[in-house]
There are 2 protein chains.
Amino acid sequence: MLWQIDQRDPQPLYEQIANVVRRAVDERTLRPGDRLPTGKDLAGSLDVNLHTVLRAYQTLRDEGLIELRRGRGAVVIASGNGAARLSGMVVELVAQADRLGISRDELIQMIDKKVQE
Amino acid sequence: MLWQIDQRDPQPLYEQIANVVRRAVDERTLRPGDRLPTGKDLAGSLDVNLHTVLRAYQTLRDEGLIELRRGRGAVVIASGNGAARLSGMVVELVAQADRLGISRDELIQMIDKKVQE
DNA sequence: ACCTATTTGTCCGTATGTATG
DNA sequence: CCATACATACGGACAAATAGG
């Protein structure tokens, strides 16, 4: 695993780390069931703090990409098809908007507000 | 604002803090546009670390419940449970689309396709 | 059943950066 | 230019869950 990050990149280190993992999953370099390096190991090889790696892992967990367990480590859950994941999110979003009586236009408006940020 | 948390509660402090805010929003004690106390202030009054409060705020932001801006503070966005959930879903959707390089227009197209079904 | 090492989880503290007003 | 307030990163300490001997 020859992952790299750039200390001078304005992008946060934990974001860079998360992106490396996301890409690996998308490219099927990492597959469901695969273990990620321990926080300590990755922190050592990237020369960053342990907490920085764990923060990256926790964001990936929140996205449903990996599973984290104390004493066990990080394991890939989701398959790498980002587009399929996006499609699922759209389905859920539309359903939720419908439940709340939010119109299509209002929904688009909400999205545009987020996009411009 | 007489918010309280319990240091002996096994539930994490940042979760307790987030829950207090969630409840206040649900009960309309906090309404869209209202400002939350600054991290420093709340940390002082709850006798916890600044980071603990900010972590709570950040999870609320990820859920779409509040907006966080440097120099400005935390402002309530969503008005209720369902709306908060929807707002959070929009945040995640836009983030995922961005990661995949999906444009705003393509995203709208995907949504329209689902809406008409 | 016990003990130990491993690994993530939380919390604190400090320092520095960046956007806002 | 300056003060405010959140954002990131580092480091340390301890807790809790897991795995292995």
Side-chain angles (χ1 to χ4, degrees), chain A residues 1 3-22 30 33-77 113-114 116-117, chain B residues 1 3-21 30 33-77 91 95 98:
Chain A
M1 238 170 298
W3 290 345
Q4 272 195 341
I5 58 172
D6 181 1
Q7 289 275 356
R8 291 154 321 179
D9 192 322
Q11 200 176 22
L13 299 178
Y14 76 87
E15 253 310 297
Q16 292 184 50
I17 296 169
N19 279 334
V20 168
V21 177
R22 289 189 193 107
L30 283 176
D34 286 351
R35 280 179 99 263
L36 267 57
T38 69
K40 194 182 163 196
D41 284 351
L42 188 52
S45 78
L46 294 179
D47 196 32
V48 299
N49 192 273
L50 164 65
H51 292 122
T52 304
V53 174
L54 292 186
R55 179 167 181 184
Y57 281 6
Q58 282 166 6
T59 69
L60 294 170
R61 178 197 54 193
D62 292 344
E63 293 169 9
L65 203 66
I66 67 175
E67 183 185 80
L68 285 180
R69 304 272 292 268
R70 287 170 174 162
R72 217 158 71 81
V75 180
V76 177
I77 296 178
K113 205 167 163 188
K114 301 292 179 192
Q116 80 182 62
E117 286 170 3
Chain B
M1 244 173 290
W3 290 345
Q4 272 195 341
I5 58 172
D6 181 1
Q7 290 274 358
R8 293 154 321 182
D9 192 323
Q11 198 177 26
L13 298 179
Y14 75 87
E15 254 307 301
Q16 293 185 49
I17 296 169
N19 279 335
V20 167
V21 178
L30 282 177
D34 286 351
R35 281 179 101 263
L36 267 58
T38 68
K40 194 182 164 197
D41 284 352
L42 188 52
S45 77
L46 294 179
D47 197 32
V48 299
N49 192 274
L50 164 65
H51 292 317
T52 305
V53 174
L54 292 185
R55 180 167 181 183
Y57 281 6
Q58 282 165 5
T59 69
L60 294 171
R61 178 197 52 193
D62 292 345
E63 293 169 6
L65 201 67
I66 67 175
E67 183 183 82
L68 284 179
R69 303 274 291 268
R70 288 171 173 157
R72 201 163 147 265
V75 179
V76 177
I77 297 180
V91 171
D98 188 55

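Note on naming: letters A, B, ... go to the chains in the order of the sequence lines (proteins, then strands), and numbering restarts at 1 for each one.
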Peer 1: Quick one: on DNA chain D, does B:Gly73 or A:Thr52 contact a more 5' nucleotide (nearest heavy atom)?
Peer 2: B:Gly73
Peer 1: Can you tell me if the side-chain N/O atoms of A:Arg61 get under 4.0 Å from OP1 or OP2 in C:dG9?
Peer 2: yes
Peer 1: Would you say A:Asn49 reaches D:dG11's phosphate, i.e. side-chain N/O to OP1/OP2 under 4.0 Å?
Peer 2: yes
Peer 1: Are B:Val76 and B:Leu36 packed together at the side-chain level, in the sense that at least one heavy-atom pair is separated by less than 4.5 angstrom?
Peer 2: yes
Peer 1: Please give, in whole Å, the distance from C:dG13 P to B:Leu13 CG?
Peer 2: 12 Å
Peer 1: Rounded to whole Å, please give me the gap between CD in A:Glu67 and C1' in C:dT7.
Peer 2: 14 Å
Peer 1: Side-chain N or O of A:Tyr57 versus OP1/OP2 of C:dT8: is the shortest distance under 4.0 Å?
Peer 2: no
Peer 1: Answer yes or no: is there a side-chain heavy-atom contact under 4.5 Å between A:Gln7 and A:Val48?
Peer 2: yes
Peer 1: Rounded off to whole Å, could you give me the CG-to-P distance for the A:Leu50 and C:dT6 pair?
Peer 2: 14 Å
Peer 1: Check the distance between C:dG9's P and B:Gln11's CD and give it to me in whole angstrom.
Peer 2: 16 Å
Peer 1: Take the protein atom CG of A:Asp9 and the nucleotide atom P of C:dT18, then report the distance between them rounded to whole Å.
Peer 2: 13 Å
Peer 1: To the nearest 0.5 Å, tell me how far A:Ile66 CD1 sits from A:Asp34 CG.
Peer 2: 12.0 Å
Peer 1: From the set C:dG9, D:dA5, D:dC10, return the single nucleotide nearest to any side-chain atom of A:Val48.
Peer 2: D:dC10
Peer 1: Does A:Asp47 have more than 12 heavy atoms from other residues, nucleotides or ligands lying within 6.0 Å of its CG?
Peer 2: no
Peer 1: Output a table of nitrogen or oxygen pairs between the protein and nucleotides 17-21 of chain D separated by less than 3.5 Å.
Peer 2:
from   : atom 1 : to      : atom 2 : distance (Å)
D:dT18 : OP1    : A:Arg69 : NH2    : 3.0
D:dT18 : O4'    : A:Arg70 : O      : 3.0

Peer 1: It should be established whether A:Tyr14 places a side-chain nitrogen or oxygen under 4.0 Å from OP1 or OP2 of nucleotide D:dT8.
Peer 2: yes
Peer 1: So, does B:Gln58 get its side chain near the phosphate of D:dC6, meaning an N or O under 4.0 Å from OP1 or OP2?
Peer 2: no
Peer 1: What's the CZ-P distance between B:Arg55 and C:dG13, to the nearest Å?
Peer 2: 16 Å
Peer 1: For the pair made of NE2 in B:His51 and C1' in D:dA9, what is the distance, rounded to whole Å?
Peer 2: 9 Å
Peer 1: A quick test of your reading: do over 12 heavy atoms of other residues, nucleotides or ligands sit less than 6.0 Å from CD of A:Gln11?
Peer 2: yes
Peer 1: Side chain to side chain contact (heavy atoms under 4.5 Å, CB included) with A:Leu46: which of A:Ile17, A:Thr52, A:Val20?
Peer 2: A:Ile17
Peer 1: Could you state the atom-to-atom distance from CD of B:Gln16 to C1' of C:dG9 in whole Å?
Peer 2: 15 Å
Peer 1: Main chain of A:Leu60, side chain of A:Arg22: is a donor-acceptor contact present, judged purely on distance under 3.5 Å?
Peer 2: no
